[in-house]
Q: 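Here you go, one structure.
Heavy-atom basis, side chains included; hydrogens, waters and symmetry copies ignored. Numbering of residues begins at 1 and proceeds along the displayed sequence.
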Amino acid sequence: MKKVLSIILVLVLMMSLSVVAFADGEGFAVTKHPTSETVSAGSKVLFVSYPNAAVYDQYWYFEDGAGQVIPAENLPNYYAGVRVEFDGTKLRLLNVAEEMNGISVYAVFVREGVEIRSNYANLYVTPGTRCAETASPCAETATVSCLIAISKQPVDETKLNYRRSETYFSVGGSNIARVEWFCKIGKTGTEMSVAEAISEYGVSAEGYDTCKLILYSNSAGWEGIDGWMWRAKLYDCNGNYTYSKWVTTMVGWCGEPEPPCQPCTPCIPCVPVCQQPCQPICQPVYQPTCGYGGWGYLETTYDSTTTTHTETDTTITQHGFGVQPWY
């Protein structure tokens with residue numbers, strides 16, 4: 001029993017010492033550094049790094065040739081189309097841009113206030129090979145290039161009006177690794193990326209690096225992009241690319257909406273002709289009378305005239321009779 005207690009005490013002391021050592025920055029070190037990689041534009045790349053501890057916070061950073069430090073999660077804001085995925089100790093980049101050639105990457109680890117970082121690794125990006133725009137592109141080299149098969153083309157949008165606030169173009173197909181959308185002002189305009197159109201012409205759009213480009217009407221409506229043309233540039237995993245067809249945005253003019261119907265005035269019930277209940281025709285009444293001749297009665301006649309109020313006045317005379325005392 002004493003031996004067991006001694007072992008437990010030793011383990012507790014070792015754990016407490018290790019915590020103190022890490023808290024002082026001693027013993028906390030990187031055991032796996034990222035390695036430099038060379039890939040082609042449009043493909044993916046993986047970096048791995050971790051320290052000799054089980055619990056820590058990990059961050060990834062990139063640094064370009066000018067010394068600018070970019071957090072990995074912000075990389076798509078600097079290089080259009082790039083996607084970033086984090087998986088534990090792994091950093092994965094998809095749709096690597098050709099402009100990232102020569103950029104450096106490193107990992108930072110934080111444990112109990114102590115920060116350490118890995119060595120730098122370099123990313124080298126080779127340009128992709130453009131796919132020829134012919135009726136049957138790359139027929140002789142289909143095994144290495146032009147593997148994209150477009151199954152969905154964008155469709156012209158020719159009925160934009162003030163009632164609509166947004167529209168979109170979309171593409172689809174197989175082996176699409178990266179997408180960029182381009183546009184031009186009319187058929188003879190100079191082609192530019194949608195990202196450039198946003199900054200230079202105030203175009204309101206998003207998704208210009210995905211399969212779905214969404215356009216929004218701005219304060220001036222749709223007139224700002226009336227007659228513009230749009231198409232997608234599609235990359236495969238080897239950096240080869242092809243284009244979708246051109247589509248057009250056109251304003252569909254229409255008049256102002258008609259004012260809504262006014263509500264009907266509720267009907268007021270007509271006033272009835274007879275406001276008082278009609279009296280029934282009187283019937284003869286017999287009653288005893290007192291007179292010199294004893295009991296008896298005297299019959300009298302009378303006329304009653306009633307005028308009804310209709311579209312044509314009508315007068316009705318009724319005849320009746322009654323009794324009165326006989327003296």
Q: Restricting to non-hydrogen atoms, name the atom on Ile185 and the atom on Met192 that form the minimum distance, rounded to 0.1 Å.
A: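 In terms of heavy atoms, the two residues are closest at CG1-CE, 4.3 Å.
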Q: Given Met100, which of Tyr124, Tyr79, Tyr78 fulfils the side chain to side chain contact (heavy atoms under 4.5 Å, CB included) condition?
A: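 Result for side chain to side chain contact (heavy atoms under 4.5 Å, CB included) with Met100: Tyr79.
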Q: Under 4.5 Å between side-chain heavy atoms, counting indirect links through other Ile/Leu/Val/Met/Phe/Trp/Tyr residues: same cluster for Ile225 and Trp246 or not?
A: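 Ile225 does not cluster with Trp246.
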Q: So with a 6.0 Å cut-off around NZ of Lys184, is the heavy-atom count from everything else above 12?
A: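 Result for NZ/Lys184: enclosed.
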Q: Side-chain donor-acceptor pair under 3.5 Å between Glu157 and Thr249, yes or no?
A: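 No, Thr249 and Glu157 have no side-chain donor paired with an acceptor closer than 3.5 Å.
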Q: Quick check: is Phe28 connected to Val30 through a chain of hydrophobic side chains (ILVMFWY, heavy atoms under 4.5 Å apart)?
A: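 Yes, because Val30 and Phe28 connect within a single hydrophobic cluster, where side-chain heavy atoms sit under 4.5 Å apart.
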Q: Determine the minimum heavy-atom distance between Asp156 and Val247, stating which atoms define it.
A: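 Answer, listing the atom of Asp156 first, then Val247: OD1-CA, 3.1 Å.
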Q: Could you tell me whether the side chain of Trp181 reaches within less than 4.5 Å of the side chain of Asp209, counting heavy atoms only?
A: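 Asp209 does not reach Trp181 side chain to side chain.
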Q: How many angstroms lie between atom CD of Glu73 and atom CD of Glu85, to the nearest 0.5 angstrom?
A: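 Separation between the atoms: 14.0 Å.
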Q: Hey, quick one: are Phe182 and Met229 part of the same hydrophobic cluster, counting side-chain heavy atoms closer than 4.5 Å, chains of contacts allowed?
A: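 They do not share one cluster, since no chain of ILVMFWY contacts under 4.5 Å joins Phe182 to Met229.
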Q: Are the side chains of Tyr59 and Phe109 in contact, using a 4.5 Å heavy-atom criterion?
A: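 Sidechains of Tyr59 and Phe109: no contact.
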Q: Is the count of non-hydrogen atoms from other residues, nucleotides or ligands lying under 6.0 Å from Tyr235 atom OH greater than 12?
A: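 It does: Tyr235 OH has more than 12 such atoms within range.
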Q: Report yes if some heavy atom in the side chain of Leu234 is under 4.5 Å from a heavy atom in the side chain of Glu180; otherwise report no.
A: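 Not in contact.
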Q: Rounded to the nearest 0.5 Å, how far apart are CZ of Arg178 and SG of Cys211?
A: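 The SG atom of Cys211 is 12.5 Å from CZ of Arg178, to the nearest 0.5 Å.
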Q: Looking at OG1 of Thr89 and CD of Gln58, how far apart are the two atoms once the value is rounded to the nearest 0.5 Å?
A: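 Thr89 atom OG1 to Gln58 atom CD measures 6.5 Å (nearest 0.5 Å).
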Q: Could you measure the distance from the OG atom of Ser217 to the CH2 atom of Trp222? Nearest 0.5 Å is fine.
A: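 Reported to 0.5 Å precision, the distance equals 5.0 Å.
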Q: So Val45 and Leu123, do their side chains get closer than 4.5 Å, heavy atoms only?
A: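 Yes, close enough: below the 4.5 Å cut-off.
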Q: Counting C-beta onward and ignoring hydrogens, is there a side-chain heavy-atom pair between Leu215 and Phe169 closer than 4.5 Å?
A: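 The answer is yes; the side chains approach within 4.5 Å.
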Q: Is any side-chain N of the basic residue among Lys233 and Glu191 closer than 4.0 Å to the acidic one's carboxylate O?
A: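 Result for this pair is no, no salt bridge flagged.
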Q: Tell me if the NZ atom of Lys159 is crowded by more than 12 foreign heavy atoms within 6.0 Å.
A: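 Not buried by this count: 12 neighbours or fewer within 6.0 Å.
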Q: Roughly how far apart are Trp230 CH2 and Cys183 SG, rounded to 0.5 Å?
A: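 That separation rounds to 4.5 Å.
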Q: Please report the interatomic distance CG(Asn175) to CD1(Ile150), rounded to the nearest 0.5 Å.
A: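 These two atoms lie 11.5 Å from each other.
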Q: Considering the options Glu206, Arg164, Glu166, which one meets the side chain to side chain donor-acceptor pair (under 3.5 Å) requirement together with Tyr216?
A: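 Among the candidates, only Glu206 passes.
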Q: Could you tell me whether the side chain of Val84 reaches within less than 4.5 Å of the side chain of Leu91, counting heavy atoms only?
A: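 In contact.
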Q: Assess the side chains of Thr31 and Asn52: does a donor N or O sit below 3.5 Å from an acceptor N or O?
A: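 Asn52 and Thr31 do not have a side-chain donor-acceptor pair below 3.5 Å.
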Q: Please determine if Arg111 forms a cation-pi arrangement with Tyr56, meaning its NZ or CZ atom is less than 6.0 Å from the six-membered ring centre and no more than 45° off the ring axis.
A: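 Ring-cation test returns no.
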Q: Between Tyr106 and Tyr61, what is the ring plane arrangement, given parallel below 30°, perpendicular above 60°, and tilted in between?
A: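 Because their plane-to-plane angle is under 30°, the rings of Tyr106 and Tyr61 count as parallel.
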Q: Restricting to non-hydrogen atoms, name the atom on Val194 and the atom on Ala205 that form the minimum distance, rounded to 0.1 Å.
A: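 The answer is CG1-CB, 4.1 Å.
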Q: Got a donor-acceptor contact below 3.5 angstrom from the Glu196 side chain to the Ser193 backbone?
A: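 At least one qualifying donor-acceptor pair exists.
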Q: Quick check: does any side chain N or O of Ser170 sit under 3.5 Å from a backbone N or O of Lys212, one acting as donor and the other as acceptor?
A: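 Looks like no, no N/O pair under 3.5 Å.
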Q: For Ser49 and His33, which heavy atoms make the closest approach, and how far apart are they?
A: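 Heavy-atom minimum between the residues: OG-CA, 4.0 Å.
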Q: Does Tyr168 have more than 12 heavy atoms from other residues, nucleotides or ligands lying within 6.0 Å of its OH?
A: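 12 or below, so no.
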Q: Please check if the number of heavy atoms outside Lys90 that lie under 6.0 Å from its NZ is greater than 12.
A: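 No, not enclosed.
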Q: Taking all atoms of both residues into account, what is the closest heavy-atom pair of Val179 and Ala232, and its distance?
A: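 In terms of heavy atoms, the two residues are closest at CG1-CB, 4.2 Å.
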Q: Please answer: with hydrophobic residues joined when any side-chain heavy atoms are less than 4.5 Å apart, are Val110 and Val114 in the same cluster?
A: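 Result: no, two separate clusters.
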Q: For Ser118 versus Pro34, what's the shortest heavy-atom pair and its separation?
A: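 Nearest heavy atoms, Ser118 then Pro34: OG-CD, 3.5 Å.
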Q: Donor-acceptor check, side chain of Asp64 to backbone of Gly67, threshold 3.5 angstrom: yes or no?
A: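 Pair found, side chain donor or acceptor close to backbone of Gly67.
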Q: Do Leu213 and Tyr201 land in one hydrophobic cluster if side-chain heavy atoms of ILVMFWY residues count as linked below 4.5 Å?
A: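 In one cluster with Leu213: Tyr201, yes.
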Q: Would you say that Val108 contacts Ile116 through its side chain, given a criterion of any heavy-atom pair below 4.5 Å between the two side chains?
A: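 No, side chains not in contact.
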Q: Got Ile176 and Asp236 here, is their nearest side-chain heavy-atom distance under 4.5 Å?
A: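 No. Closest side-chain heavy atoms not under 4.5 Å.
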